[in-house]
Number of protein chains: 2
Amino acid sequence: MKGIEPKKTFLALPLEKQKRIIETAASEFAERGFKGASLNSIVEKVGIAKGSLYQYFHDKQHLFLYVFDYGIRLAKGALKEIESKEISIFEQIRYSIFAGFRFVKKHPLIYQIYLKILFEDKVPFRKKLIGTLRFYSHKYLLPLLKRAKERGEIRPDVDLEMAAFMLDAMMEKMLQAYTLSYIDSIGLYKADDKTINRLVDAWIDILKKGLANGGID
Amino acid sequence: MKGIEPKKTFLALPLEKQKRIIETAASEFAERGFKGASLNSIVEKVGIAKGSLYQYFHDKQHLFLYVFDYGIRLAKGALKEIESKEISIFEQIRYSIFAGFRFVKKHPLIYQIYLKILFEDKVPFRKKLIGTLRFYSHKYLLPLLKRAKERGEIRPDVDLEMAAFMLDAMMEKMLQAYTLSYIDSIGLYKADDKTINRLVDAWIDILKKGLANGGID
DNA sequence: TTATAAAATGACCAGTTGGTCACATGAAAG
DNA sequence: CTTTCATGTGACCAACTGGTCATTTTATAA
């Protein structure tokens, strides 16, 4: 899905106008999803004719893919190279969730588009699109966990596939709770850094030690 | 949101016809969400005139709420009274996730509707609707955890609010992975009971003991 | 059988959608 | 100044949407 190009006409536009079009479209897709987004609404808000939009993009899908790809490029490297750092797995996890919060704070629209299309009907290339934005995927987490196990930071009998799945589920839900009030139940919605820190601390503590009382079991 | 009633005309219909209408509508909402669902498509599949649908329900929203409510009634008591059982918190959690799997197996359409409207734009009464289907909510989990802590099954310094949030996130994701292939990464998608058992065992193990090596930290 | 009420029907409506295209505008080239 | 050509435009299109309603069909009652 890399490198979606608009028509040349669009690239000839003043950068300011390009930006206005992209951001207006992103806002529309974030609010209404792919199918629900209205091109009429977009051109009206931007202040251009409908025909002009079709000088820039072949169709709705082309515009959508370009907007998403544009967002991805902005976010590039959000999680870059945490792996290489010489810190414990739990510090790596902490860095990862902070990176996620930083991303949804800085690019709320692209994250909202991601949420909209997660379960939406017949979104073009959904699997590929959400794949590019799921930083907490197996592909990312599993190597971290494996190396941690080799270093002895993780119990040798832990099922790492399951551990990655669990981390993914919890981190994703935290970002959702930060973004949508009706998902939140622990005060994460638009929380300040101090609150986030406190919650992440509590989270990591349970991650490390588990819930059970009395050491091993 | 309890007790959504259709018009009397609908209730006078043969039960078989009622069922056909509800199930066809449920299938349409499950596939396309609230806004995306087409009444034309529904009446065509059922084989009735458009006007007839409006003899049964006031409008699209009324039909939607009735279909959802109907699904809820079927599912009623899926998690009933686990709390009262004299088993450990981890057995209670195990029962809870099994109850969830049983539900999405038995009523896949209503669960798919739930997923569709989770992030959809402007769904009527979304918060209330998803509230009725989120069995793993704070309201349900927190009392369980509190009693478990009092019984000494959970470490006394565990943040129970966070623990409930974590359990919610992971259990929800398991049901999603069971339902949608593109969410799954550990072989949960439409998994058989044996596989589910194995995965739940691995999950509970990590829940209890945590990830960290070496007991307390 | 007839009269009355209830329910089923589908043509129709206004509104919206994504997309098109003949034309107007403007800038550059000769 | 004129010609050429890329860009901008918005009326227009067919396809669809949720919703209406005069009319017909069916069931009930007298």
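Every chain is numbered from 1, with letters handed out A, B, ... down the list of sequences.
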Indicate, with a heavy-atom threshold strictly under 4.0 Å, whether [X] touches base, sugar-phosphate, or nothing.
{"X": "F57(A)", "answer": "nothing"}
{"X": "F10(A)", "answer": "nothing"}
{"X": "L63(B)", "answer": "nothing"}
{"X": "I42(B)", "answer": "nothing"}

Can you list everything that forms a ring-ring contact (aromatic ring centres under 6.0 Å, His included) with [X]? Sequence neighbours excluded, please.
{"X": "F57(B)", "value": "F10(B), H62(B), Y66(B)"}
{"X": "Y111(A)", "value": "Y114(A)"}
{"X": "H138(A)", "value": "none"}

First and last nucleotide of DNA chain C touching chain A, 5' to 3', heavy-atom cut-off 4.0 Å? dT17(C) to dC21(C)

Side chain to side chain donor-acceptor pair (under 3.5 Å) with [X]: which residues, sequence neighbours excluded?
{"X": "S181(A)", "answer": "none"}
{"X": "R20(B)", "answer": "E16(B)"}
{"X": "T9(B)", "answer": "none"}
{"X": "K139(A)", "answer": "none"}

Whole-Å distance separating the [atom1] atom of [X] from the [atom2] atom of [N]:
{"X": "K60(B)", "N": "dT17(D)", "atom1": "NZ", "atom2": "P", "answer": "9 Å"}
{"X": "Y56(A)", "N": "dG8(D)", "atom1": "OH", "atom2": "C1'", "answer": "7 Å"}
{"X": "L39(B)", "N": "dG18(D)", "atom1": "CG", "atom2": "C1'", "answer": "6 Å"}

Any chance you could lay out the salt bridge (Lys or Arg N to Asp or Glu O under 4.0 Å) test for K45(A) and E28(A), step after step, and finish with the verdict? CA-CA 10 Å; K45(A) 276 175 191 155; E28(A) 177 75 9; 3.5 Å; yes

Ring pair (Phe, Tyr, Trp, His ring centres under 6.0 Å) contacts touching residues 25-52 of chain A (sequence neighbours left out): F29(A)-F64(A), F34(A)-F64(A)

Please, which pairs that meet ring pair (Phe, Tyr, Trp, His ring centres under 6.0 Å) have at least one residue in residues 163-192 of chain B, sequence neighbours excluded? F101(B)-Y178(B)

Which of residues 22-38 of chain A have a heavy atom under 4.0 Å from DNA chain C? A37(A), S38(A)

State, yes or no, whether a side-chain contact exists between I110(A) and F103(A) at a heavy-atom distance under 4.5 Å. yes

Reading 5' to 3' through nucleotides 20-25 of chain D, protein heavy-atom contacts under 4.0 Å coded B for base, S for sugar-phosphate only, - for none: BB----

